[in-house]
Amino acid sequence: MATLNFLTGNSGKLAEAQTLLGPLGWEIQSFEVDGKVPDVIEPQSDNLTTVALAKIAQGVELLASQGRLGESLLVEDSGLFIDALPEFPGVYSAHILESIGCDGILRLLDDERTAYFLTVAALWTGEAVEVFVGRCDGSISAEIRGDGGFGYDPIFIPDESQDGRTFAEMTNEGKSTFSHRGRALSALFDYLNVDGA
Ligand code: IMP
């Protein structure tokens, strides 16, 4: 089984990557230095790709400092984009969730509720950086629903949701079938399988 290091402090993201790529023959392991996930600095930027590339650059430096440059490393940056609130929360998704929470988002919205999630995943293959993007269109629910997932999952209903369930009302497997992260990681898997990186 091939191993892919994932540099993330978010256990939900790690679990989703394991759920999706594990059955396909990849062992996804948390990238740690001295037994803990290293901190990376996210630059101020209005672009997820810029943030993901900054994270992978720091990750590659850490790999090099461990003498592990030949190993692969994954980072990703995601954001929720709500059409009625242009560019919001977008790249500020983490900060907005901390400050106003899902409740606060619901209070800001009226009838127009379409939204999408984007993930930009950056992979160090051991030789070069490759970028994969995944998008999931959907809408913001009228109320908070579900105990699963993390972040904005209790207020996001993907278009593919058959019965109006939010991500938080789905299993990780269900969410990953059509989520932004699922799509980015599927593209990454296809790349790894074709190139055997
Ligand atoms: P980041 O990619 O860790 O910077 O995520 C930005 C914010 O979006 C964080 O508050 C995450 O909790 C949230 N977020 C990222 N991915 C998801 C997801 O798949 N579902 C719900 N919230 C997410």
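Ligands are counted one by one from 1 in listed order, and the atoms in each one are counted from 1 as well.
Using cut-offs of 30° and 60° on the angle between ring planes, the pair Phe156 and Phe167 is tilted.
Of the protein's heavy atoms, Ala94 CA, 3.2 Å lies nearest to atom 10 (O) of ligand 1. The protein heavy-atom contact nearest to atom 5 (O) of ligand 1 is Ser78 O, 3.6 Å. Closest to atom 22 (N) of ligand 1 among all protein heavy atoms lies Tyr152 N, 3.0 Å. With hydrogens left out, the protein atom closest to atom 4 (O) of ligand 1 is Asp77 OD1, 3.1 Å, a heavy atom.
Leu80 pairs with exactly one of Ile140, Ile96, Leu97 by the side-chain contact (heavy atoms from CB on, under 4.5 Å) rule, that one being Ile140. The only option from Tyr116, Phe117, Tyr152 that meets the ring pair (Phe, Tyr, Trp, His ring centres under 6.0 Å) definition with Phe81 turns out to be Tyr116.
For ligand 1, one of its N or O atoms has an N or O atom of His180 under 3.5 Å away. The distance criterion of under 3.5 Å between nitrogen or oxygen atoms is met by Lys175 with respect to ligand 1.
Contacts between Asp153 and ligand 1, counted as non-hydrogen atom pairs separated by less than 4.0 Å, involve both the backbone and the side chain. In Lys13, the part holding a heavy atom less than 4.0 Å from any atom of ligand 1 is the side chain.
Which parts of ligand 1 touch Glu76 is read off a 4.0 Å heavy-atom cut-off, strictly below it: atoms 2 (O). In summary, the atoms of ligand 1 found under 4.0 Å from a heavy atom of Ser93, numbered by their order in the structure, are 6 (C), 7 (C), 8 (O), 10 (O). Within ligand 1, counting atoms from 1 as listed, the ones closer than 4.0 Å to a heavy atom of Gly151 are 12 (O), 21 (C), 22 (N). Residue Arg181 has at least one heavy-atom neighbour below 4.0 Å for each of these atoms of ligand 1: 15 (C), 16 (N), 17 (C), 18 (C), 19 (O).
Between the Asp153 side chain and the Phe150 main chain, a donor and an acceptor come within less than 3.5 Å of each other. At least one donor-acceptor pair closer than 3.5 Å links the side chain of Arg183 to the backbone N or O of Phe178.
The existence of a salt bridge linking Asp137 and Arg135 is confirmed by a sub-4.0 Å separation between a basic side-chain nitrogen and an acidic carboxylate oxygen.
Using a 4.0 Å cutoff on heavy atoms, His95 does not count as a contact of ligand 1. Within the 4.0 Å heavy-atom cutoff, Phe150 counts among the residues contacting ligand 1.
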**Asked** Hey, mind stepping through Leu24 and Leu21 against side-chain contact (heavy atoms from CB on, under 4.5 Å) and telling me if it holds?
**Response** CA-CA 5 Å; Leu24 299 176; Leu21 297 177; 4.2 Å; yes
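Summarising the geometry of Asn172 relative to Ala15, their closest heavy-atom pair is ND2-CB, 3.7 Å, with the distance given to 0.1 Å. Across every non-hydrogen atom of Asp83 and Glu112, the tightest pair is CB-OE2, 3.4 Å.
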